[in-house]
Structures are given as C-alpha cells and as structure tokens.
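Here is the structure we will look at, set down as structure tokens.
To find a chain, count down the sequence lines: A is the first, B the second, and so on, and within it residues start at 1.
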Amino acid sequence: MKFYEQGLAYRKGSYVNWCPSCQTVLANEQVVQGGTCERCHAQVTKRQLTQWYFRITAYAERLLEDMEALAGKWPDRVLTMQRNWIGRSVGAWVDFEIEGREEPVRVFTTRPDTLYGATFMVIAPDADLAGELVAETCRDEFEAYLEKTKLATEIERQSTEREKTGVFLGRYAINPVTGGKIPIWSADYVLAEYGTGAIMAVPAHDQRDLDFARKFGLPVQMVIDTGEADPAQSGIATPGDGTYVNSELLNGLTDKVSGVERICGKLAEDGRGEAAVTYRLRDWLLSRQRFWGCPIPIIHCPVDGEVPVPEDQLPVELPDLRGADLAPKGTAPLASVPEWVNTTCPKCGGPARRDVDTMDTFVDSSWYYFRYCSPGLDSAPFDIAEVAKWMPIDQYVGGVEHAILHLLYSRFFTKVLFDLGMIDFTEPFTRLMNQGQVINRGKAMSKSLGNGVDLGAQIDQFGVDAIRTTVVFAGPPEEDIDWADVSPSATVRFLQRAYRVANDVSSPIGADPTTGDLELRRTVHRTMGEITDLLELRRFNVCVARLMELVNATRKAIDTGVGSADPAVREAAEFTALGLSLFAPYVAEEMWELLGQPPSIAEATWPTIDPELRAAQTVTMAVQVQGKVRAKIEVPADISDADAEAAALADEGVIRALAGRSVAKVIVKAPRMVSIVPGA
RNA sequence: GCGCGAGUGGCGGAAUGGCAGACGCGCUGGCUUCAGGUGCCAGUCCUGGCAACAGGGUGGAGGUUCAACUCCUCUCUCGCGCACCA
C-alpha cells in the first residue's frame with residue numbers, strides 16, 4: 001500500500017513474459033538462460049496482459065551508486081551481475097519528425113555524434129509505435145512479421161549469428177540535423193523494452209545497422225573517418241574514434257566527447273532532444289495468476305477506479321479454499337470465488353471487485369527479514385524500533401542464483417522503506433557470502449527437480465551431527481559439493497572416536513592441567529589456537545580437519561604412555577568437545593556430560609588458549625641448497641639467524657649437497673628456513 | 001564474442017612467496033572376529049633402489065626470485081554470468 005501511495009506500484013498493459021508450464025507471468029529477472037523460466041526452465045513466451053509493477057527503475061541510479069559501499073563485502077561476481085543488469089548507458093534522446101504525423105518519434109542513442117550518418121530508423125515490431133506508424137499499404141506484411149516475431153523464442157531472437165530480418169513500414173522520418181528523409185523499418189533486432197523501442201540506424205558506425213542496411217539495400221553514410229576502410233565497401237562498421245566528416249556541425253573535430261557535447265547542445269537548442277541516461281533495468285512485474293500469494297490490496301470500483309484497501313483492513317487474506325483445485329490454469333484462481341471477489345468500494349460504498357491477482361513470492365522475500373525482527377506484532381508488519389535495533393543484517397548467506405532477483409529486490413525495498421522514513425539505513429545486507437550448492441546426480445539439489453537427498457532419512461541413518469559435520473567438512477563453504485563425494489559414515493566414525501576419548505578420561509574434574517603432559521598440552525593449545533583463527537576466516541572444513549588431528553593426538557596419548565588419568569588428556573577432551581560443539585552440538589553435549597561438566601556446553605565459553613603453550617618450542621627448519629630442500633633440522637623456535645645459519649652449514653646432508661662448492665649467499669628466515677646459494 | 005571463476009594424488013581437499021599433498025575417503029597388507037561389519041597396526045604422488053637416498057612432479061609454455069601451487073605474460077581446458085540494450 002505504501003508503494004502504491006508513493007506511485008511506486010502501478011498497473012499497465014504490456015507484452016509480458018509468460019511461462020506456459022507454470023501458467024503465470026514472470027518478471028524479467030525470472031527469465032534465465034536463453035529465455036527459460038527460472039523455476040521450471042520451460043521456454044518463456046510473450047503475452048499482452050495488464051499486470052502490476054513496482055517502479056524499481058526509479059531507483060536504478062541509487063541501486064547502482066550504493067554498490068560502492070558493498071565493494072569488498074559482497075562477492076564481485078554478484079556486484080558485476082547487478083551492475084550489468086541495471087545496465088546504465090549515457091547518450092541522448094533524439095526526436096525525429098515523421099512525415100504526415102503530428103507527433104515526433106523519440107529514440108535513444110549512445111552515439112548522438114553520429115546523427116548525420118543516421119540513414120534509416122528501426123522500430124521493434126512488438127512496440128506499439130510500429131503498429132501506429134505502419135502505412136496501410138504495408139500493414140499486411142507487417143502483421144505477418146509481428147506474428148513471426150512473437151513466435152520466435154528468445155534464444156532464436158538473441159542469437160548474434162542470426163541473419164537480420166525486417167519489413168519496411170512505408171513511412172519516413174526526417175533526420176533532425178540533415179533534414180533528409182529516412183525510411184522507417186521494423187525489425188526484431190530492436191527490442192521493444194529498451195529505450196523507446198525505436199532506434200536511429202547509423203550503418204557506417206554500428207555493425208548491426210550495417211548488416212541490416214546491406215541486407216535491405218539501405219544507404220550507408222560515413223560520418224567519422226577512423227582511417228579504416230569505408231564500411232559501405234568493407235561491410236565492417238567503424239565504431240571507433242576519428243575525424244568527423246560529412247557532419248556540418250562537427251566536421252574537423254577529432255574527439256567523441258566534444259562531438260557528443262556539440263550535438264546535444266544543438267538538439268537542446270532546437271528542442272529536438274537532450275543528453276540522457278537510460279537503464280536496461282525494467283520495472284518489476286509483481287502480480288501472479290496463482291492462489292498461493294498475498295492478494296493485491298486493491299479494489300476495482302466502476303465509479304472510483306482503483307481504490308486501495310483501507311489500512312485497518314490489511315492484510316487482505318486468502319479465502320479458505322480447502323479441497324479446491326488450486327493448480328495454476330492461466331487465470332487467477334481467486335477470480336472464481338465470487339464471495340471473496342465481490343465487495344464494496346471503500347470510497348463510494350457501491351459494488352466493487354477485489355483485484356484477483358496475488359503477489360510473487362519475491363515480494364515477500366524482499367522484506368521478510370524486517371518481519372523477523374518482530375514476528376508476533378499484530379498491528380503492523382514490523383516494529384520500527386526492533387528493526388532499528390537488529391538491522392541491517394551483518395552477514396547474509398545465499399546462493400548466487402539470487403544475484404539479480406532476491407538480492408536486487410531486497411535492496412530496492414530497503415531503499416523505499418528508507419525514503420518512507422521507516423528505517424535509517426539503505427542497504428539490507430552488509431556482507432554477503434555465496435555458499436556453494438549441494439550437487440546430486442549432476443545438478444544442484446532442488447525441490448522442483450526432485451533430485452534432493454532425503455535429509456530425514458540421512459539423519460535417521462547417521463545422526464544430525466554427522467550429516468552437518470559431513471557437509472561442512474566436504475569443502476570450503478563457497479564451493480559446490482557433490483553428494484557422491486561425501487562420506488557420512490566416515491564422520492560417524494570420527495564422532496565416535498571423539499566420544500570415546502571423552503569416555504576414557506579418568507582424571508578427576510577440575511584436575512590441574514598444568515600438572516599434565518606438556519607435549520600433549522602444546523598440541524592441544526596449538527591446534528585449538530589454529531582452529532580459533534580458522535573460524536574467523538570461515539574455513540570450517542579445515543577446522544574439522546584440525547579437530548580430527550586433536551582427537552587422534554589425544555587418542556595416541558591415552559594409548560601410549562601418557563594415560564587416561566593425565567590431566568592434559570582431560571583438557572584435550574574438553575577442548576575437543578568445545579570445538580566440536582560448533583558442528584556436532586549433540587555429540588559435544590554428550591561428551592561434556594561424560595566429562596562431568598556443568599549443565600550445557602551451549603553455555604560454556606570458548607577455551608582460553610595459552611599463547612606460550614601455543615608457540616612452538618622447536619620447529620623443523622628446512623635447509624635449501626640451490627632451491628632444493630637438502631636437510632631438515634630440529635631447532636629451538638627462538639634460534640638466532642646466526643645460529644640457524646651455523647646449524648645449516650654444519651649439517652651432513654647440506655655438506656654433501658654442496659659437494660665442495662663455496663657458499664655464495666645465505667638467506668636465513670629463522671627458524672623456518674635457511675637457503676644456501678652455492679658459488680663455483 | 002565479452003566478463004568472471006577454477007584447474008593440486010584414484011576422489012574431496014590442505015599449504016602468511018619458505019618442507020606440495022595436512023585431514024578425510026578409497027585402496028593394499030596385517031591383527032582382532034565363526035563370519036561380515038566395527039576397532040586397531042602398517043603402507044599408499046611417479047621413477048630407480050633392500051635401504052639410505054637420488055631424480056621428477058600442482059593443466060601447458062615462458063618469466064621474476066636464493067626460493068613459485070602461490071606473483072607476472074602467453075596459452076589450453078572446464079564451469080558460471082552476460083550476450084543485437086542502439
């Protein structure tokens with residue numbers, strides 16, 4: 001309702017995307033890969049329908065600008081996809097007079113400086129303008145062409161390989177700078193949705209226009225001399241910079257910037273155009289012909305037209321249609337429920353009808369996170385104070401498949417709510433990570449594909465801890481994992497090993513760890529320290545690997561001399577349980593109880609790492625001779641460069657590798673590395 | 001075509017420019033077991049060698065460096081995104 005009040009929600013008739021399999025319209029963002037449906041991947045077709053839209057285009061510039069604040073915090077890939085989707089281009093509007101018509105036709109061009117070379121005009125066949133302009137003598141041919149265009153699938157239409165097609169509309173426009181008569185054609189290489197659906201064609205300097213001109217024998221006029229062959233002869237357009245020619249006002253200029261500036265100045269002066277910015281982004285088609293969705297809160301009155309449902313009657317709820325067939329059939333299911341549809345006009349009290357379309361699920365997902373801040377609230381969608389406290393979301397996790405859908409829509413919603421003064425921030429998600437997907441039988445698992453692994457069955461078989469740990473251990477969170485590569489049973493074994501370690505501890509609760517085995521304690525503190533760092537870096541798969549090492553080391557200590565009664569073993573088991581609690585909370589809780597620790601591991605604090613124990617006492621120093629490792633020497637961690645060098649040069653293996661040669665240079669990175677460069 | 005991302009054992013994957021292959025799977029041999037499984041021990045990049053050890057090795061070709069999976073140039077392959085946007 002707020003969007004409607006702001007003029008950001010409106011209804012219009014247009015050619016829209018239609019999914020024949022889902023039996024509903026789709027937003028442009030929901031048409032993917034060669035014109036297929038995002039949901040079911042059926043070929044999307046076009047239909048002329050009246051639908052509801054959100055005016056997201058009004059926010060194009062801000063959606064673009066505000067991405068600067070997201071740089072480095074969102075994956076570049078997503079930012080690039082949004083930038084391309086918004087598709088800002090700088091150029092000019094140019095108005096062309098039409099012979100025998102009052103109203104001029106406006107086109108958008110990024111190259112107003114080539115206006116003198118505009119030798120014909122092309123209009124998208126499915127743009128209303130084409131139908132308005134076509135001369136009676138050409139109408140039949142045009143109608144046939146339009147039909148063919150509508151039938152062509154997106155994939156055919158988008159193919160660059162495709163030969164140009166088109167029809168002459170029998171009309172002429174006037175080039176506003178040359179005054180010359182130029183023919184108006186219609187061709188499907190011009191898109192109805194972009195700009196005004198009409199272009200000025202400059203064949204000499206645009207390959208697409210040139211291909212079209214050559215096919216249909218239209219004139220080619222070079223207006224920039226780039227030093228390359230004349231496009232009229234070569235068939236290769238020259239879009240680059242050069243010296244303007246055949247362009248009265250521009251002749252002699254050599255740079256595009258001043259060319260564009262001068263033409264735009266001239267157009268503005270004559271009232272025939274102006275500098276302009278356009279966007280590829282289209283308004284968001286939000287209405288759907290489905291039952292399951294929020295009804296659009298508008299009442300259609302024969303007297304008052306569109307009337308908003310009063311705020312105290314919101315939200316409009318769906319009728320109870322239990323038992324009815326709700327499968328989408330191409331028309332709004334709500335239309336067939338007269339007792340729901342028929343209502344009275346809030347304005348005049350006369351009979352009126354509710355809007356029967358529902359909103360796309362992406363409308364809901366664009367602001368669910370605000371609702372999550374105050375889920376129990378009855379009187380409003382969300383509590384402004386609660387949202388102020390919790391939002392924006394610090395770290396969001398979601399798949400790239402939402403790059404130009406959910407993630408763009410949510411940014412739009414947030415900006416609108418900001419403008420309404422309901423929130424005080426303009427971006428919903430401060431940081432974003434794209435997690436990988438789980439692949440099964442060659443495809444990302446999805447409900448609609450039905451190739452999901454039955455998690456319930458997996459959990460019954462292996463336990464929820466094992467499944468969660470298995471997924472985490474399978475690889476970095478950003479990468480896809482193939483379910484065929486994972487091994488829940490191996491994780492079960494690991495968790496059992498960890499559990500047994502806790503079970504074997506026989507030292508009393510509270511035993512002083514400092515009296516325990518020093519070597520084991522060093523391992524424990526070093527490993528836990530590393531895990532702590534890895535968690536910050538979100539390297540969870542490596543964390544699990546380190547926990548495995550910890551369990552192995554503790555097991556070995558118990559079995560070989562240190563013994564289960566050593567307090568260091570207790571410390572190791574407690575640390576392991578704490579580390580494990582992040583991935584396998586139930587097993588960790590059981591371990592915690594076995595270790596006799598107080599109520600719940602969920603309330604325990606992260607272990608304190610002793611920096612002295614963590615710091616290695618001795619390290620294995622590698623010695624390279626001419627880049628090859630020739631010796632590994634155990635040295636104190638605090639060894640001096642001089643001592644390290646001396647130890648390296650005294651090593652038997654190093655002496656052998658030097659084979660009597662002198663030492664030309666020694667690079668010492670104590671205590672890790674000594675590199676020796678032999679001389680002659 | 002343009003733009004990203006990724007190429008490391010049989011597999012998933014580890015490695016602030018500093019010991020390539022951590023950890024796990026799988027596999028091989030052994031112990032335990034009536035048996036299977038579990039558990040435990042040993043081995044597992046390639047070549048030569050009983051071994052010590054030597055040589056080679058991170059898609060390919062060059063380069064920078066004492067030292068390159070890591071940085072640079074070119075190239076190949078795969079994946080993803082965009083694709084007649086005027």
| said: Taking salt bridge (Lys or Arg N to Asp or Glu O under 4.0 Å) as the definition, give me every residue that meets it alongside A/Asp504, ordered by chain and number, with sequence neighbours left out. | reply: A/Arg555
| query | In B/S/- notation, 5' to 3', how is nucleotides 18-33 of chain B contacted by protein heavy atoms closer than 4.0 Å? | reply | BB--BBSSS-------
| query | Contact class for A/Thr109 (heavy atom, under 4.0 Å): base, sugar-phosphate, or nothing? | reply | sugar-phosphate
| request: For nucleotides B/rC66 and B/rA61, find the distance between their P atoms and express it as a whole number of Å. | output: 23 Å
| B/rA86 C1' sits how many Å from A/Arg88 CZ, rounded? | 17 Å
| Which residues within residues 641-654 of chain A lie with some heavy atom under 4.0 Å of an atom in RNA chain B? | none
| message | Tell me which pairs pass salt bridge (charged side-chain N to carboxylate O under 4.0 Å, His left out) where either residue lies in residues 108-119 of chain A, with sequence neighbours left out. | response | A/Arg111-A/Asp113
| field | Least distance between heavy atoms, A/Phe212 atom then A/Gly166 atom | value | CE1-CA, 4.1 Å
| field | Distance between C1' atoms of B/rG60 and B/rG7 (Å, rounded) | value | 11 Å
| request: Sort and list the pairs that fulfil salt bridge (charged side-chain N to carboxylate O under 4.0 Å, His left out) and have at least one residue in residues 523-544 of chain A, not counting sequence neighbours. | output: A/Glu478-A/Arg538, A/Glu530-A/Arg546, A/Asp533-A/Arg614
| message | Would you measure the distance from the C1' atom in B/rU58 across to the matching atom in B/rC69 and give it in whole Å? | response | 5 Å
| field | Contacts of A/Asp480 that satisfy salt bridge (Lys or Arg N to Asp or Glu O under 4.0 Å) - sequence neighbours left out | value | none
| query | Once you round to the nearest 0.5 Å, how far does CG of A/Leu405 lie from NE2 of A/His402? | reply | 6.5 Å
| Toward the 5' end of RNA chain B, by each residue's nearest nucleotide, A/Arg539 or A/Gly627 | A/Arg539
| said: I need the CZ-P distance between A/Arg83 and B/rA83, as an integer number of Å. | reply: 16 Å
| task | Using a cut-off of strictly less than 4.0 Å, decide whether A/Arg77 has a side-chain nitrogen or oxygen near OP1 or OP2 of B/rG79. | result | no
| task | Please tell me which of A/Arg500 and A/Thr110 maps to the more 5' nucleotide of RNA chain B, matching each residue to the nucleotide holding its nearest heavy atom. | result | A/Arg500
| said: Under 4.0 Å, heavy atoms only, any strand: does A/Arg656 hit a base, just the sugar-phosphate, or nothing? | reply: sugar-phosphate
| request: In whole angstrom, give me the gap between the P atoms of B/rA54 and B/rG36. | output: 43 Å
| If you draw a 6.0 Å radius around NZ in A/Lys215, do more than 12 non-hydrogen atoms from other residues or ligands fall strictly inside? | yes
| said: Rounded to whole Å, please give me the gap between CZ in A/Phe540 and P in B/rG13. | reply: 17 Å
| message | Surrounding CG of A/Asp559 (heavy atoms of other residues, nucleotides or ligands, distance under 6.0 Å), is the total greater than 12? | response | yes
| query | Rounding to a whole Å, what distance do you find between A/Lys628:NZ and B/rC53:P? | reply | 16 Å
| request: For residues 617-641 of chain A, pull every pair meeting salt bridge (charged side-chain N to carboxylate O under 4.0 Å, His left out), keeping only residues two or more places apart or in separate chains. | output: none
| message | So, using ring-ring contact (aromatic ring centres under 6.0 Å, His included) as the criterion, who are the partners of A/Phe575 when residues are at least two apart? | response | A/His525
| Which value, in whole Å, describes the distance between the C1' atoms of nucleotides B/rG63 and B/rG13? | 30 Å
| request: Please work out whether B/rG9 sits syn or anti, treating a glycosidic angle within 90° of 0 as syn. | output: syn
| message | Under 4.0 Å, heavy atoms only, any strand: does A/Arg630 hit a base, just the sugar-phosphate, or nothing? | response | sugar-phosphate
| query | Just checking A/Arg282: base, sugar-phosphate only, or nothing, at a heavy-atom cut-off of under 4.0 Å? | reply | nothing
| Listed partners of A/Phe108 passing ring-ring contact (aromatic ring centres under 6.0 Å, His included), at least two apart | A/Trp93
| said: If you take any heavy atom closer than 4.0 Å to RNA chain B, which residues from residues 522-537 of chain A end up in contact? | reply: none
| said: I'd like to check the salt bridge (Lys or Arg N to Asp or Glu O under 4.0 Å) partners of A/Asp209; sequence neighbours left out, ordered by chain and number. | reply: none
| query | Once you round it to whole Å, what is the distance between P of B/rA86 and CZ of A/Phe96? | reply | 16 Å
| remark: Here the helical stems involving RNA chain B, each at least 3 consecutive Watson-Crick or G-U pairs closer than 3.5 Å, sorted by first residue number, are B:1-7 with B:76-82, B:10-12 with B:23-25, B:26-31 with B:39-44, B:45-48 with B:53-56, B:59-63 with B:71-75
| query | Nearest to the side chain of A/Lys164 - B/rC66, B/rC84, B/rA86? | reply | B/rC84
| request: Please lay out, stage by stage, how A/Leu408 and A/Trp85 fare under the test side chain to side chain contact (heavy atoms under 4.5 Å, CB included). | output: CA-CA 10 Å; A/Leu408 186 65; A/Trp85 185 256; 3.7 Å; yes
| message | Counting only heavy atoms not in A/Arg77 (residues, nucleotides, ligands), do more than 12 fall under 6.0 Å from its CZ? | response | no
| query | If we take the P atom in both B/rG59 and B/rU65, what is their distance in whole Å? | reply | 23 Å
| Are A/Trp185 and A/Phe120 near enough that their ring centres are under 6.0 Å apart? | no
| remark: In whole angstroms, the gap separating C1' of B/rG81 from NE2 of A/His402 amounts to 16 Å
| Which value, in whole Å, describes the distance between the P atoms of nucleotides B/rU8 and B/rC78? | 14 Å
| Separation of B/rG39 P from A/Tyr499 OH (nearest whole Å) | 16 Å
| query | Which value, in whole Å, describes the distance between the C1' atoms of nucleotides B/rA42 and B/rA35? | reply | 24 Å
| task | Figure out the CZ/P separation between A/Phe120 and B/rA86, and round it to whole Å. | result | 16 Å
| Note: A/Arg88-A/Glu61 ion pair, threshold 4.0 Å (strictly below) | yes
